Every structure is written in structure tokens, then in C-alpha cells.
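Take a look at the structure below.
Small disclaimer: the values here were computed from a predicted structure and weren't measured.
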Amino acid sequence: METQLQSIFEDVVSKLTTVLCFSMFMDTPEDERTKLISCLGAFKEYWGTLPQESHEQCVQWIVRFIHSQHSPKRISFLYDCLAKAVETNLLPPRMVCVALINSDSLEWERTQLWALTFKLIRKIIGGVDYKGVRDLLKPILDKIQVIPTTVSSAIVQQLLAAREVVEYILDRNACLLPAYFAIAEIRKLYPEGQLSHWLLGSLISDFEDSFRPTARINSICGRCSLLPVVNNSGAICNSWKLDPATLRFPLRGMLPFDKDLFEPQTGLLRYVLEQPYSREMVCNMLGLNKAHKQRCPVLEEQLVDLVVYAMERSETEEHFDADIGGTSQLLWQHLSSQLIFFVLFQFASFPHMVLSLHQKLAGRGLIKGRDHLMWVLLQFISGSIQKNALADFLPVMKLFDLRVHSVVVFPLKILITSDLSVKPQSTHSFAMTCIWIHLNRKAQNDNSKLQIPIPHSLKLHHEFLQQSLRNKNLSMSDYKIALLCNAYSTNSECFTLPMGVLVETIYGNGSARINLPGTNCMASGSVTPLPMNLLDSLTVHAKMSLIHSIATRVIKLAHAKSSVALAPALVETYSRLLVYMEIESLGIKGFISQLLPNVFKCHAWGILHTLLEMFSYRMHHIQPHYRVQLLSHLHSLAAVPQTNQNQLHLCVESTALRLITALGSSEVQPQFTRFLNDPKTVLSAESEELNRALILTLARATHVTDFFTGSDSIHGTWCKDILQTIMSFTPHNWASHTLSCFPAPLQAFFKQNNVPQESRFNLKKNVEEEYRKWKSMTNENDIITHFSMQGSPPLFLCLLWKMLLETDHINQIGFRVLERIGARALVAHVRTFADFLVYEFSTSAGGQQLNKCIEILNDMVWKYNIVTLDRLILCLAMRSHEGNEAQVCYFIIQLLLLKPNDFRNRVNDFVKENAPEHWLQSDWHNKHMSYHKKYPEKLYFEGLADQVNPPMQVQPQYLPIYFGNVCLRFLPVFDIVIHRFLELLPVSKSLETLLDHLGGLYKFHDRPVTYLYNTLHYYERHLRDRTNLKRKLVHAIMSSLKDNRTPGWCLSETYLKFGMNPREDNVWNPDDTYYCKLIGRKSPGPFPNCDWRFNEFPNPAAHALHVTCVELMALAVPGKDVGNALLNVVLKSQPLVPRENITAWMNAIGLVITALPEPYWIVLHDRIVSVIGSPALTSETEWAGYPFALLDFTACHQSYSEMNCSYVLALAHAVWHHSSIGQLSLIPKFLSETLKPIVQTEFQLLYVYHLVGPFLQRFQQERTRCMLEIGVAFYEMLQNVDQHSQHLSYMDPICDFLYHIKYMYTGDSVKEQVSCVCVCTLWRYGLTHCLSCVRCFTSHPTISSSSDWGVPGVHLVTSVELLTS
């Protein structure tokens, strides 16, 4: 092939030489054309014989041949030949351009060849398809990039030929390729912050600037200032994800976003890291997986900066005392936990962090926090030094150097006073000495010599520890034991003594015994647990050793089946140790995964009961997957025959009920979706009450998180299989007043799966029949067998009721039948008895007969101990009665709780004599025993045994009770009772009475504010017009806590003064100042600091959010008015809202309003409609400026030129950024039904694009269906605007945005819908032309005969076909 081509083109060149000699005589245009045709004749004939696969090689040879010529005239002529070949469809233009650009001979130094080549490309590139042009742009830019920064001015003109090609490609009117493709290639070559080549000058920058409106459409206003609430439902979405390498936002598309969006978001990560219990969110933000060890340098850097910040804070804190700590002490405590977690999972490198700390602290003179810093480092060193190389820890010695050589940074404590170790924080001042001891011990074990001897400044500390170690009679009155444990935890010889003292203190000596509640229950004699101050003073390694010792002892006693229960001190101390997240593997993880299974395997039911009590009454901030795992264990446990005894069965069901009702609304879906393959494991096969409680929790969770918003069916959702499995296990119905509160899809499910119910008449008939059998049967064994055998009707409690009603006594056979039935089967009898009671009370004649019924019912609970109050109330509350029967059921509940004094006295005494802060108490056991002696629990029908004739002597073996009683067991039941009463309007007064008498119990509720928040949120529609009841509910729960909380911990002073006082004649309507002050509490928040390990909420922000929402929902003001008032905090000029912090206030409003029910936040849609209908967006003359400047909130705000529309835009972004995906799923409907009919101007369209554009990425990740609906709505709106407008001035940004949607999100998914939109109405040519992303060629395009070969003869297809092609 090369030989033939050589012959052809050598002939062409030779003819050209001849022609050039006589060119002065033959240079007419016609002659030029003749020359070109004659020169191409032979090549055309040869080209026709070439196979297709050789075409590219042939063109490349031609280009090499041309570039080998030295005569510019020859090159020009040959290029003309190439152009003619392209014009006549002989050569494809794309192939020629590619060969020209990729030629090695095309160098900027050959200026004439450079200029001629790019002029040819400029001529023929118009015939290249858009993908080809895109592929050419990059090598053209690469060629330009190699031109040096300084060249001779004489050759600049020739070099500019390349710029002309680029300019032609980027010319939007030329339509060579979509500008969106061009910007992508340009941004790859010139990323943010990098200048383009000088030859291109302003061409590139101007082109990039043309995309800034598109970038802004896709940007959330003030995004860098928006902060989440850790552990809030909105915090687990994709809104907060960052690139783990750069900490930048994961922006979609190569667009020139604002500079701050490209900056590392260190402030956001730092803020989250500062929050207690934030480690899971940090991992979610950075995409860190504990299963894959990956170092994250940016996280490491922020941890170091946070430590430095803690040092600075300690330095500036008023009244800081290194021995007692300041408010920064909580931060140091939290930092210790964070450091251990992230280094343990190898997300951060300990030696790198220490070296970075040394670098940042050197010369700073920060001295007050030095001991706390060393304490934090000691935490990790002591627990990991045995398993890692000594070299990993030696960088700490550099910090020693700072202390030794820079007195300013680490000044010495010269004297150790005798009372130093009496203070809890003394362990921090010894931290550096302890570190040196651990390093020295490691060096000895590794047979290496530590390079640095003990610093002189630490010798006194070291001698003090050595002296204390020689004292064999260590006292618990000071912190010497903690000091010794911390210093020698890696030296078994020295560690045994101090740890032994701690262990012996809580185990009790072998002979001492104490009584526990119930009969025949003894425990080891130690009752005083280790105080939290002491546990806080122990290093992580020491705590791990202590908790390991406790767990080992518990398992040992379980294997030994000891008849002596665990010492109360041991149980309480173990509970306190489980609060430390840094020992999770041996703590709660070991508790759930190892200890519980081992104890169950050994059938150590007393210890199992103890562990479940701990979980019910002493655990805080347990991660949800552990709680659901325990729930699964409990359901398995309930089916084991050995657990079919009264006390253990009651404990298992009570614990399961607590676990179910305590699930957070944002936790339900993530946890239960883990069990979709086998939902049976998290559901009860027998307990209808537990399954009903789970359904109520599902209803509440899906309501609060707006999961079902916009949906009418559960089909295809995660909870469908769960609900179907529940209905197969325990078929049941719901009362209409309860069902009406469910989200619509759940209502539809239960209406479709209606279960036939036994009529009350048949129930009465069956009871009468069984009672006749009871009276007619004479053989005792036959009676016991008949009424207790499996499969017999669960009516025995109804029979006992009739016995008491008619004869006022029960014989021994009744007692034996109850024993034979067993605890598990008895629940079904209680369930039937609850229905029977409703029938009996409904048909009672009143008067004496009603009083008799009430007396008998209370005797069955308190006198005969046949059924516990909490189980009976739970069954009654969970029944599905309608109308009058429902009121009768709630009347029975009220009578049981209030009519006799038995329960009220128990509640009053328990509330009066006890405090909920168990972690601060050392005498809980004594108060616990005192209460049980006064009000003993009888769980084995002891009262009945005493009352039968003749009396029976029973001495049941009670399982140990350390914390529980009927009051605490009743609390989760009371939660359910309140909800049932709220659902039925006629019993409102009864609920107020219950709250008056029993509301004090909420003093001991582990989540009182969360319960109140969920209740007000879920029942917002029911409580909307019942302001007095709402006020009563808030008052009852909050006032129960007033003696145990600091002032201002929850409700604002203004609300307490005006909102709590019932004024029906003149309802308090808060003004704007009230709402400003309330939101001002949220940012930054004046709430008192506390130990968040034992708080209801994990951090201050979560606390502030929930108490603010509770107060807003408690107002006697419609939700719509409250929502508008919240929006007005920033939309109206408020003197209490500083301009410089406006985005922080918007962030606070976004957090609060999205945590409220729909009527509160849906008002934002009304504001948006108002803005879109405003003259600024509807009138062309109202705003004569650039619309994208109008909608740039940040720039407008800084220049004091903002308008209402930009404020609403920024606030909408803040609100939607914090919204759940359920709340956001209303946007497609809002666009199509509300906004589409009113959007008729270009400004309105751009405003809608600005509103919704930034959230397409989240829709794609979390709810693709909504994203596609939005994409269709955007096209429909554009069509509508096109029809109502004379001229569209901003077609380029609009089209760029639509291209962005197609190539980043929708792809071809909306092709069919959008095509249908445009069938009826064709868009004007101008818009279609602008949207053309490709010329529609059936084959290669034909270059027209026009002198401007850059405008090919093509036909334009509709924009929809192009955008969706």
C-alpha cells in the first residue's frame, strides 16, 4: 500500500513542481480546481480498491507524507487536496482530523505547518459528528498545552490558528458539540484553581463562566454552613457524605462550582467529630468500613486538630483546675473514646498523630491541658502496646521532650502532696509517668533497651507509685488503686494486687449473704458498686481487665449453677462499665454475643433474669443492632420450655416490650431490613401484644420519618413481609380509632387483611358452658386435665372471675390448674379475660353490681396475685374494641389504676423515695430492698394459695431482682395506654386524671422527651384541637423531672410562664420575638452541659432539637401558623437575628422544621408559590438585571442587595437539605400539580430549577422514581414557558442544565415521557437548535458548496430526540 501511495503522491508533487514554475500564467480559480481534480484522480481510483480496515492507515500515511514536505506551498496544496477529498465525500472528516492532530510532526516550532494544519481542521471539522469533535478537543488542548509560556512575538499569529479551532468548537451557535461536553473536557485539563494556557487566554475562562449559572443551579445555597444533628434521622442520609481523600463534597459533573464547594469541609467533619456518639456518622460520611482497614489521613489530621483545640480550650477556660477538670473535661473524655476507635480500626495511625501533635504544640505554651492530653494518649497505649511494636509508641517520647526541655509547654509539678491521689483527676497528672512505665515494660519484654531513661521530672511520680505498690493494704478511700492499675496494667505481677482489691470489693467475701426480693433468694453480700469517678479514673486497659474479670466470673457461676445470686455491687458495676464505648468489644458486644448465649446454654435462669434486668433498667445508648439482636434472642428464648415459668416469662416479655417501643423512628427501617430474608427471627410466634407493639412502632416510625409520604400501598416496601409474617403468627384486627392514626398504606393493609372476630355473645356463651363443666365435674384430676390441657379454650381466668362473683372464693383445684397451665399459655387466658371483662362491664346493671365487679377484679390482681397489673393493662390496651366497648375497656383500665389505693400508693412511694440518677447512687440496693419489703412482688399466685380453703403452703424459688418493680415494669405499658386514650376523644378527661395521679412515674422514664416528641408528632392531627390535653400531657411529663434537672433544661422560660397556664378565654399567641429566642437556643444553644453517657440524648444538639420541637408542638397554635412563624425568623427583618450568622439560623430552622409534622413544614411550599407569583419573577420590567445574580443568595446577602426570592431560595435549600427522603418525595407532586400551571416566564423557570436542581443527586441515590418524575416536570415546564414567552434570553444555561440532568442522572429513562410531551407542541427552532447535541446524519455529512465549510448542510432533529438519544 505504501508503495502505491508513494507513487501516486510523488506524481502529484512532481506535477505541482511543474505547475509552480509556470504559476504566473495559470492561476485562475478554475485552473486551481482543475489541478485539484487532476491530482486526486489517481488517488480516488486507488481509494476505491482499499478495504475498509485500511482506510485509517492510508490517511495516516498521507498525513505523514504531507508533513514530510518542506515547502509551505506544497503543504498548502496537499491540504487543499485533503479538503477537496473531504468535500467530495472521498475521505471522512473525522479520520482526517484525528490523523492531523495525532501526527508527531505537528509541533508548535514548525509554525507554518502548525498554522496550515489548524486552518484545515477549522475548514473540515464542521463535518465531524459531536462525539468526534469531543474526542478531538482533548488532543487539540494537549497540543496547545506544550507551547511554552514565552515565545517570539513573530510566530504568535501562526500559533493563533489553533485558538481559532478551539473557539469554533466552543462556539455555541456553531453547534459542533454540546457545550456541556466541552466544559467536561476543559475541566479535566484545567481543574479548579488551575489557569488555562496563555494562548487560549480569556476564551476558556469566558466559556467556563458561561457555565457558572448551571453550576449554581446545582448548588445548595450556603451548603458549607449547614450542619447536621448527630444521630438524628436526617444525619444518616447521603447529604453529608464527603470524599475520604480530600474532604470535599462529592459534586456531580465537571462544572465550575463556587470555590467554597471545592474546599475541604474540615469544619463539617470537625463539628461531627466533636459530638459524642458520632463515630458511626463519621464512618458514614467518609465511607469507612470497619471490615476494610484503610488509613484516612484527613480524618487523622482532624483528630489532631481537635486535640489541639481541646488544649486551647483548656487554656482559656475560666477557673480551670487540672485536678478537678472544667467543662472541657467532657471533651477530653470524648476525645479519648474517638481516638481509640479510629486508631483501633486503623483509620488513623497513632505514631503519625503523635508526631503531628508534637509539631503543632511545640512552642505554643499550652500548659493547662497537658495532663489531659497525656491521659488521652495513655488510654490507647495501655490497651494496645502489648500487641504492637514498640516503635509505634516511641514518638510519644517527643512529647516528653517538650515537657522536659520546654517548661513553658509542660511545666513540672515539683511536689506530690499526700492528698494528691484523693482527687479523681490525679490519675491524669500521673499519665505521663504511666506511659513511661508501659514503654519501659514493653522494652524489657522485647529484650530491647529504651533509649531515654525516665525523665527527672517524673521521678517523684514514679517513686510514689513504687511506694504505693509496696503497700499491701490498699484502701478504696482514695485513687491510689486506680493509679496503680493504670501504671501496671501490662505487668501481671504488679497488676494483680490493685485489680484484686477492686474485684474483691464488688464480689463480696465468700461467706456474707444478703436477701433479695422474693422468697428463697440470696446473693453475695457486697452492695456498694464502684463509683463512676473511680471507673472514669481507670485506663481503658484497666477497665477491660475489670469487665473481663466480671464476665468470666458470671460465666463461671453460670456453669456452676450456683444457688447464690450475684452481688448487687457486681451487677451495678458491670452495668456502669457497659456505658464505655471504648471497651465495646468486651462490653456490650460481649454481653450480647457471648455472655447471654453462655448463660442461656447453662440454663442459669437467675443470671439470665439479672442480665435482662440490667438491659431494661441500666443500659444507655446501646447501638440499635445490638438491641434488635437481643430482641431476636428473646423471641427464641420464649419458645424454650424451661423459660415457661412466671417470673422469667414476665421478664422476657417486659424486656422485649421495652426494646420494641424504644426503637428510634430512624432506626426501625435500617434494622429490620437486615432481617427481610427471615423476618420470623425478630417477631414473636405467640405474643400478640408484642407483635401489636411492633406494628405500632412501625406506624410511628414511618409517620415520623415520612417514609410512606406519597404512597398508598406497602407493596414493594421493606415492611410488607414483616406485616404478613405477623398476621400469620398472630392474626388480629385494629380498632378503627387506632387504625385511623396509621399511615395510609398500613391502613390499607389491615383493611385488606381483616380477621373475623369472635362475637362477645359467643364468648359469654362459651364461658357459661365451661363454668357448667367446672361445677359438674367431680374428679380433681379430670378437672385439672380438662382446663389446663393444651388446646382447651383459654377461658380459665373468666371461670375464676365467675367463681369469685358467685361464691367469693376459689378452691385448691383452681390454684393447681393455674400452675399446670403455665406462664406462656396463661397469656392467652389473660387476653380472653380482657375481652370478657369488657362484655361483663358493658352489660353490668351498675350500682352495687358494678362495685362488686371492680372489687373482684382488683382482688385478682392484688389479693390473689392471679395476674400482674402490667400484663392485664397491656392486654386491655391492645384489644380492638369499637365504640362503647372501647370506652368501657378504657374505663376498666382507669379503675384498675386508680380505684384502689394499691397501685397509687406504690407509685407515690417509689417516686418520692427514689431518684433516676442511678449512676450517681451508692445506696440503690438498700432503697430497692426497702421498697420491696413494703410492697413485695408476688408472681406465683401466693395470694391465691393463702386464700384457698384449706390454705396452701408455697415457697417458690424467686429469681434475683436487682432493679425492677411493678412501677418500672408499668412504664412502657403506660406509654401505650396514653396513646390508646389519645385515639379516642370521649376518654380525654380520663387520660387527664391518669396523668394527674401517675404522671410522676415519668421521672424514671429513660426517654421522656423522646416519648413526648413521638407522641405529639404522631398524634398531631388528633391533638390539633385538644390544646388542654396536649398541655396536660407536656406538663405531667416535664414536671415529673423538675427536681432532677437544672432550670432551663427543656422548656423555655417564656413557655413555662405563658404556655403552661390554661387560658381558654385568651389563648397565648406567641410573637416573633418568642420564635427568634427559641431558635436562638438551637444555635448554638444555652442548654446546661451534662454527662451525655447517661443522658436521654447522645449530644447537646440532639437534646436541643427535640426539646425545641416538643415546645413548638405543645403550643396552642395551629401547625401552619407555627411553621410560618419559623420561616419568618429569617424571612422578616428580625433584630435578634444577626446578619453575619444568617446561614446558621437557616440551618437551625431547617433542622427544627423538618423534625416537625407535615403541617409545620409544608407551609414552605406556600411561600415558594408566593415567590414564583411575585412581580420579580413574573414581570420582565420589574427586574432588569441578570437573574442568576438575583438568585445568588450569598453574594446578594454580602452586598446588602438580597431580595425575598433569594431568601426563600436559601431557606428552602436549608430545609430540604435536612429533610428525610420521605419529605422530599412530595417535591415531584408539588412541581407537577402546583408549580407547573403557574410557571410561564423564564425567570420563574430558572427559579424552579434553582430550587430543585441541587437535590437531584440525592433523589438518584435514595428514590430514583422521584428523580425521573422531576426530570419530566422540568421538560414540561420548559415547554410551557416556551409557549408563553416571545423570546427566551437564557437558553444556554437552561440547555446546559438539561444536559447535566441527562448525563448525570436520567440517561434514557425519561425518553418516552418527554417525547410524548413534545408531540403536541413543537418548540421553536431557536430552542431546538440550542439543544441540538448531534447532527442527525444517515451517513457521513456532505459539506455544502458554501465558501464557509464550517456550516455543514444538516437537518436538526427535535431537542427531545437529541437529549434522550
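With sequence neighbours excluded, the residues satisfying ring-ring contact (aromatic ring centres under 6.0 Å, His included) with His918 are His620. With sequence neighbours excluded, no residue forms a salt bridge (charged side-chain N to carboxylate O under 4.0 Å, His left out) with Asp392. For Lys293, the side chain to side chain contact (heavy atoms under 4.5 Å, CB included) criterion is met by Phe345, Gln346, not counting sequence neighbours. For Thr528, the side chain to side chain contact (heavy atoms under 4.5 Å, CB included) partners at least two apart in sequence or on another chain are Ser922. Evaluation of the side-chain hydrogen bond (donor to acceptor under 3.5 Å, both in side chains) rule for Glu667 yields Arg627 as partners, not counting sequence neighbours. Qualifying side chain to side chain contact (heavy atoms under 4.5 Å, CB included) partners for Met499, counting only residues two or more places apart in sequence or in other chains: Cys485, Phe495, Leu502, Val503, Ser545, Leu546. Qualifying side-chain hydrogen bond (donor to acceptor under 3.5 Å, both in side chains) partners for Thr1010, counting only residues two or more places apart in sequence or in other chains: Glu1096. For Tyr626, the ring-ring contact (aromatic ring centres under 6.0 Å, His included) test picks out no residue, with sequence neighbours left out. The side-chain hydrogen bond (donor to acceptor under 3.5 Å, both in side chains) test applied to Thr573 returns no partner, not counting sequence neighbours.
Listed by first and then second residue, the salt bridge (charged side-chain N to carboxylate O under 4.0 Å, His left out) pairs involving residues 547-576 are Glu572-Arg618 (not counting sequence neighbours). Judged as a salt bridge (charged side-chain N to carboxylate O under 4.0 Å, His left out), the pairs with a partner in residues 584-598 (not counting sequence neighbours) are, in order, Arg279-Glu584.
The local environment of CG in Asn677 is sparse, with at most 12 non-hydrogen atoms from other residues, nucleotides or ligands closer than 6.0 Å. Remark: His548 NE2 is loosely packed, at most 12 non-hydrogen atoms of other residues, nucleotides or ligands lying under 6.0 Å away.
Taking 4.5 Å as the limit, some side-chain heavy atom of Gln629 sits within range of a side-chain heavy atom of Ser593. Using a 4.5 Å heavy-atom cutoff, the side chains of His625 and Arg674 are in contact. The side-chain heavy atoms of His559 and Asn598, taken from C-beta on, include a pair separated by under 4.5 Å. Proximity of Trp375 to Asn486: side-chain heavy atoms (C-beta onward) are separated by under 4.5 Å at one or more points. Taking the side chain as every heavy atom from C-beta outward, Trp332 and Leu335 approach each other to under 4.5 Å.
One side chain, Ser278 or Gln338, offers a donor N or O that lies under 3.5 Å from an acceptor on the other. Checking Ser382 against His541 by side-chain atom types alone, no donor-acceptor pair falls below 3.5 Å.
Residues His621 and Trp1092 keep their aromatic ring centres 6.0 Å or farther apart.
For the atom pair CG of Leu578 and CD1 of Ile588, the computed distance is 5.5 Å after rounding to the nearest 0.5 Å. A distance of 4.0 Å separates CD1 in Ile547 from CD1 in Ile583, rounded to the nearest 0.5 Å.
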Requested in this report: Might you work through the side chain to side chain contact (heavy atoms under 4.5 Å, CB included) test for Leu483 and Phe464, ending with a clear yes or no?
Outcome: CA-CA 10 Å; Leu483 289 172; Phe464 178 81; 4.0 Å; yes

Ignoring hydrogens and angles, write down the donor-acceptor pairs under 3.5 Å from the side chains of residues 599-615, residues two or more places apart or on other chains.
residue, atom, partner, partner atom, Å
His609, ND1, Pro960, O, 2.9
Thr610, OG1, Gly606, O, 2.9
Glu613, OE1, Tyr962, N, 2.7
Glu613, OE1, Phe963, N, 3.2
Glu613, OE2, Gly964, N, 2.8

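Between Glu653 and Arg969 there is no salt bridge, since no side-chain nitrogen of the basic residue lies less than 4.0 Å from a carboxylate oxygen of the acidic one.
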